[in-house]
Amino acid sequence: MIPFRVRKDAKVWFKDLYRDKSFKIDFDAFYFCFIAGVATRRKQAVSTDDTTEMVAYFPQAYSASSKILVGLFLSAEMEKLGLVMTERERVHLEIAKLVRHDSGNHLTAEGVNEFSRYAHGGYDVLLEWFDDRPRSLETFERQFKRKLDAQMSGAI
Amino acid sequence: MAAMLQVLGWTSQGLRCPDHEISCLKTSGQPHAVTLIQMPNGTGKTTTLTLLRHALSGRWATQAPTPAELRKLAKKGGTSSGFFELRLMMNQQRVTIRLEFDFEAGRVRYRTTRGSGQFDRFDPPSAFRRFLNGDFVDFFVFDGELAAHLLDERSTDADAVVEALFQLSTLKKAGEKVVDYWERHAEEKGDERSKKKHETKLSRIRVRLSELKRERRRLRKERDDTLARLEAQRGLYKEEITKGKTSEREMKEAQEKLDKAQNEVREQASSVLELMRVPYRLSVSFAEAIYELKRNLDKAKLPGTAAREFFQDLSTEPFCVCGTPIDDTLRDRIKERAVNYLGSDEVGFLNAMKTDIEEAVGASRDTPAAVLDGEMLDLNAKVSEERDANNVLDTLQAAAERADPRVQAAKTEIERLEKLSTDIEEQLDRFDDKDTQQSLENTWGIDVLEKRLATAEDKLAKASETLELRRRRDVVAHILARAHRLSREGVMTEVCGDANTKIGELMPDNNILIERIDRCLVLEGQEGGSVGETLSVAYAFLATLFDRSAHRLPFVVDSPAGPIDLAVRPKIGALVPRLTTQFIAFTISSERAQFVPYLKRACHEPIQYLTVFRRGKPEVERQAREAGDVLVTTDGLRVTGETFFNEFQLEEEEVG
């Protein structure tokens, strides 16, 4: 099983939320980076040295949405590849590259890497969305939601 | 090697406590398992505990006491000198540590006697040094405050104690030895000029990295100290402000309103976080995207009903399902194309994913996001209420500051400390810098320097043809680091589990458990309990810790049962003899109830009972003399015996 990887600088950026125990696991930082990345379709390759290994599964707080998260990821990938569903064989092939039922995170090694790349790119997006690193959970949530809504409505 | 430390006794003369001598030895020459020393408040329990701590830790050898600290130790009425002599047994070797006080010169000096040698310094045997330092000694010579400290990461380093007790640092040291070996080997090989160049570079990076790490440690400590001072100053500010002209009730109400508003914001933010962890609640667009994916998969009949295994099986058959003979060409083609189909398990996963999507957003794409939007509105309103509450309190505080210079001074100090704390945080941020383009002197990122160090080591290894050895070094170092991490996690998990079992036995009705050890003890789902509860948690933790380690250290405790409920005392009393092989406790008369009888019952040998008090109470002194075994000094009496101990009723000395 291949673990997800989170950017080290992203963890540092979220340090105040970890310090006041709003965020408790590395996956929290990773998740919001992923969402920002997938919303903007921004992917970024980051070297192993600049990332930290996390768990190879969706932690408890995210396990109920694990298949939804994979669905969101597949949807973004299909769109990025310009795939239409009528190309059944290609769709099968691409999904087979990314999905694996017996891994803790439902993803192949390539799937995990691509998933993590959205999170790596998403961190760059967060830096654009925020003037400074978040100091409290409520500040982060409100700004994140505002920026995400603006992104989705095409205002940014 | 396992360490065994025993306290044989001590002598105190010319200091704040009455001159006294305590022997913890039985007639056989072995220490009593339990020695109870009853001293009324005001007799100098705290002084004696301080002296024991400093004699054992050598703290004053590296950090001289302040004049105020020294004044607190001098006998009232004044003596120019005094001493405290602690007699110990360390693995069969007698060691005496003597603190000599010169109050006129404002100085304290250590003397250590061990074997036939006498040293004018704090110099315990090397095997005991890792236990005889300030951080560690506080874990076996402690008072009721330890319980609170154990739950405060700024006050304790439980990690460090676990590391020392279970010798986990040996793995770290082994890693350092491996690095040293490689370096020595590299020095002996390769082209001298090229090697010298790489060595110089490596050495410069190492020095820089070490300086930065030291500076980071210093700043972290300074930050923690500043935050502690800030917290204390905020307490002082509140005290001053309630003394002022502004209505105390008004101020209290405003503060309570702000606290309530802050709690509500925090709770609401936590609820919002829960919702935000579900992507289709974050945005209708996400709900639409996954629903679209599901619909398209359905439309295209994906995943198909035929799985990869069907075609793989078919390729082994002589005929196709339609009856067409399958020759080798066709067989290869079927095999080749079978990989384009998903396996039955993957098909199962995709179907499960589609079901989840249908259940989540099938009925409506908008509703889940509307739930989060509603909660966000609520959060905005609560943040706004918090801001209003803050403004009200600010206004009242500003008025109080204008009216009273002491409040103003406290406020100014708070602002200074807040600024200092922010400045330190900013300085600490530099160590996380990722800029790789700067010169060595201008590089602050510790990660960046560690990478540079690895590259420089690599180059030196190439230059000295020890690359293979370096790779091996890295493998061994990696294994040792992993072994250290796993051992630490294993030990911590087991210590937590066992401590929780003990806590359950001690307090079956209190739902308190240790969640993890992260510098301090982190309790499950709460910040802390009552003093009694946390002291019980501390006992359970320490009992587990010292029970599982091979080392035997004494426990010296001030008020072992003081803050604990009468109902819990019997259990603590029964637990104490299992804590360690030697237990020395300072008590007052009100602590005996529900504690001493249970301690006595659980102890496998007779307890030594001592009572120490100041001279000047003729009736009590007469009773003491009648009791028999009395040692009289210039200003104190020490009485040995259970009967006198149990009948002694003096709770507090008159403070003269």
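Just so it is clear: chains get the letters A, B, ... in the order the sequence lines come, proteins before strands, and each one is counted from 1. No experiment lies behind these values; they were computed from the predicted model shown. Scope of the values below: all heavy atoms of this structure, side chains included, with no hydrogens, waters or symmetry mates.
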Between [X] and chain A, which part of the residue has a heavy atom less than 4.5 Å away: side chain, backbone, both or neither?
X	result
Ala352(B)	both
Met353(B)	both
Asp433(B)	neither
Ala360(B)	side chain
Asn296(B)	both

Tell me, do [X] and [Y] make a side-chain contact under 4.5 Å, heavy atoms counted?
X	Y	result
Glu292(B)	Met78(A)	no
Gln151(A)	Ser285(B)	no
Phe286(B)	Leu148(A)	yes
Arg133(A)	Asp429(B)	yes
Tyr280(B)	Leu72(A)	no

- Task: Find the one option among Arg100(A), Met152(A), Arg142(A), Glu79(A) whose heavy-atom pairs under 4.5 Å with chain B are most numerous.
- Result: Arg142(A)

- Note on the structure: Ranked by heavy-atom pairs below 4.5 Å to chain B, first place among Thr139(A), Asp20(A), Asp149(A) goes to Asp20(A)

Chain B contact via [X] - side chain, backbone, both or neither, heavy atoms under 4.5 Å:
X	answer
Asp9(A)	both
Arg7(A)	neither
Ala39(A)	both
Phe23(A)	side chain
Val99(A)	both

Any chance [atom1] of [X] has more than 12 other-residue heavy atoms, nucleotides or ligands included, within less than 6.0 Å?
X	atom1	answer
Tyr57(A)	OH	no
Lys419(B)	NZ	no
Arg485(B)	CZ	yes
Arg333(B)	CZ	no

- Item | Inter-chain contacts: residues 109-122 of chain A against chain B, heavy atoms under 4.5 Å | none

- Query: For chain B, which residues from residues 26-36 of chain A lie under 4.5 Å away (heavy-atom distances)?
  - Reply: Asp28(A), Tyr31(A), Phe32(A), Ile35(A)

- Verdict with reasoning, Lys8(A) to Asp432(B), per side-chain contact (heavy atoms from CB on, under 4.5 Å): CA-CA 9 Å; Lys8(A) 286 180 183 169; Asp432(B) 297 323; over 6 Å; no

- By number, which residues in residues 267-279 of chain B have some heavy atom less than 4.5 Å away from chain A? Ala269(B), Ser270(B), Val272(B), Leu273(B), Met276(B), Arg277(B), Val278(B), Pro279(B)

- In residues 444-455 of chain B, which residues are in contact with chain A at a heavy-atom separation under 4.5 Å? Asp447(B), Lys451(B)

- Residue from Leu282(B), Val265(B), Val284(B), Val361(B) scoring the most non-hydrogen pairs under 4.5 Å with chain A is Leu282(B)

- In terms of heavy-atom pairs under 4.5 Å with chain A, which of Ile357(B), Leu372(B), Leu379(B) leads? Leu379(B)

From [X] atom [atom1] to [Y] atom [atom2], the distance as rounded to the nearest 0.5 Å:
X	Y	atom1	atom2	value
Leu293(B)	Ile68(A)	CG	CD1	10.0 Å
Ser66(A)	Asp356(B)	OG	CG	7.0 Å
Ser136(A)	Gln262(B)	OG	CD	10.5 Å

- Show your working on side-chain contact (heavy atoms from CB on, under 4.5 Å) between Arg266(B) and Ser22(A) and close with a plain yes or no. CA-CA 9 Å; Arg266(B) 191 147 182 89; Ser22(A) 299; 3.6 Å; yes

- Any Lys/Arg nitrogen of Lys67(A) or Glu359(B) sitting under 4.0 Å from an Asp/Glu carboxylate oxygen of the other? no

